[in-house]
Amino acid sequence: MAGISWNYVFKFIITGDAAVGKSSLLVRLTDQRFLANPDPTLGVEFGSKLLTIPEENKVIKLQCWDTAGTESFRSITRSYYRGAAGCLLVYDVTSRKSFVNARSWLADVREHADPHLTCILVGNKVDLCDSESSSDRRQVPMEEAELFAKEEGLLFVESSAKSGENVEKAFEDAARDILSKIRRGV
Ligand code: GDP
């Protein structure tokens with residue numbers, strides 16, 4: 001059987017505080033499922049997925065690495081960042097602290113990763129927000145995160161690994177941006 005071919009392989013890394021949903025985003029992307037009670041000791045560390053970008057007529061193989069358990073060390077080794085083309089900087093929209101900490105995760109990425117790395121800020125767990133309801137758990141207004149992303153030159157999306165909303169989009173938007181950099185020779 002002929003193997004599936006692709007035009008590019010992009011390495012992606014997923015960073016952010018513990019419990020924001022990094023493993024869940026990766027499981028949703030690669031396996032189309034959601035685990036309500038994932039075993040933290042069995043965090044997904046790696047996932048691979050083919051993405052088609054129709055308007056560019058390109059197929060991209062994403063190789064995604066989750067920080068799985070390294071959050072407590074705060075800084076991650078250089079080898080983890082080496083060769084990464086894309087980064088998902090994840091926070092939880094119901095946790096102000098995780099959004100505040102996204103700044104230091106970004107600093108860590110900027111310190112170690114390639115300066116041309118495409119970074120997308122991902123506000124996860126948007127399924128827990130309902131502005132019409134008194135049980136709305138949102139702690140980070142979308143406008144505030146959008147402004148932060150704009151100031152820092154990041155792409156931005158709100159997602160839910162639970163419902164699947166915007167999960168592929170997060171990876172696709174970043175992949176499109178990387179492709180456009182390649183086209184422009186950046
Ligand atoms: P990680 O430590 O950043 O990899 O986070 P996990 O993927 O282990 O998720 C932490 C907890 O949040 C788990 O109980 C998940 O089921 C839950 N979780 C992850 N993503 C979502 C989401 O989009 N919505 C909701 N409601 N819960 C989520």
- Is a side-chain N or O of K11 found less than 3.5 angstrom from the main chain of R82, in a donor-acceptor match? yes
- List the atom of S159, the atom of N124, and the distance in Å for their closest heavy-atom pair. OG-OD1, 2.9 Å
- Task: For Y91, enumerate each residue passing the ring pair (Phe, Tyr, Trp, His ring centres under 6.0 Å) test, keeping only those at least two apart in sequence or located in another chain.
- Result: F99
- Which residue pairs satisfy the salt bridge (Lys or Arg N to Asp or Glu O under 4.0 Å) criterion with at least one member in residues 112-127, sequence neighbours excluded? D92-K125
- Item | Gap between atom CD1 of I120 and atom CZ of F156 - 0.5 Å precision | 9.0 Å
- Message: Count I, L, V, M, F, W, Y as connected when their side-chain heavy atoms are under 4.5 Å apart, and connections chain through other members. Are V122 and F34 then in the same cluster?
- Response: no
- Note on the structure: Minimal heavy-atom distance between I178 and A85, with the atoms involved, is CD1-O, 3.4 Å
- Message: Tell me whether E168 is salt-bridged to K49, with the criterion being a basic N under 4.0 Å from an acidic carboxylate O.
- Response: yes
- Heavy atoms, side chains only, cut-off 4.5 Å: are S95 and V20 in contact? no
- Can you tell if the side chain of W6 reaches within under 4.5 Å of the side chain of L51, non-hydrogen atoms only? no
- Between N57 and N7, the two heavy atoms sitting closest are O-OD1, 4.1 Å
- Query: Got a sec: does the CZ of R96 have more than 12 other heavy atoms crowding it under 6.0 Å?
  - Reply: yes
- Charged N to carboxylate O under 4.0 angstrom, R138 versus D136? no
- Under a 4.5 Å cut-off applied to non-hydrogen side-chain atoms, are V126 and N166 in contact? no
- Side-chain contact, heavy-atom cut-off 4.5 Å: T15 with D108? no
- Message: Quick check: do L117 and Y81 have side-chain heavy atoms less than 4.5 Å from each other?
- Response: no
- Heavy atoms only: give me the nearest K181-T118 pair and the separation to one decimal. NZ-OG1, 2.7 Å
- Find the distance between CE (M142) and SG (C129) and round it off to the nearest 0.5 Å. 10.5 Å
- Over all heavy atoms of both residues, which pair between L25 and F171 is shortest? Give the atoms and the distance, please. O-CE1, 4.5 Å
- Query: Does L121 belong to the same Ile/Leu/Val/Met/Phe/Trp/Tyr cluster as L128, with side-chain heavy atoms less than 4.5 Å apart forming each link?
  - Reply: no
- Message: Keeping K169 on the side-chain end and V157 on the backbone end, is there a donor-acceptor pair under 3.5 Å?
- Response: no
- Query: If you measure from CG on L106 to CD on E152, what distance do you get to the nearest 0.5 Å?
  - Reply: 5.5 Å
- Task: List the steps and the verdict of salt bridge (Lys or Arg N to Asp or Glu O under 4.0 Å) for E56 and R176.
- Result: CA-CA 9 Å; E56 301 257 5; R176 279 199 176 84; over 6 Å; no
- Query: To the nearest 0.5 Å, what is the distance between CZ (R33) and OG (S24)?
  - Reply: 10.0 Å
- Which distance, rounded to the nearest 0.5 Å, do you find between the CD1 of I14 and the CG of L89? 11.5 Å
- Query: For R184 and S180, does a side-chain donor sit closer than 3.5 Å to a side-chain acceptor?
  - Reply: yes
- Task: Search all heavy atoms of Q32 against all heavy atoms of L29 and return the closest pair with its distance.
- Result: NE2-O, 3.4 Å
- Distance (rounded to the nearest 0.5 Å) between K22 NZ and I13 CD1: 12.0 Å
- K58 atom NZ, over 12 foreign heavy atoms within 6.0 Å: yes
- Are side-chain heavy atoms of W105 and V90 found at a separation under 4.5 Å? no
- Message: Any heavy-atom pair between the side chains of L50 and T52 that's under 4.5 Å?
- Response: no
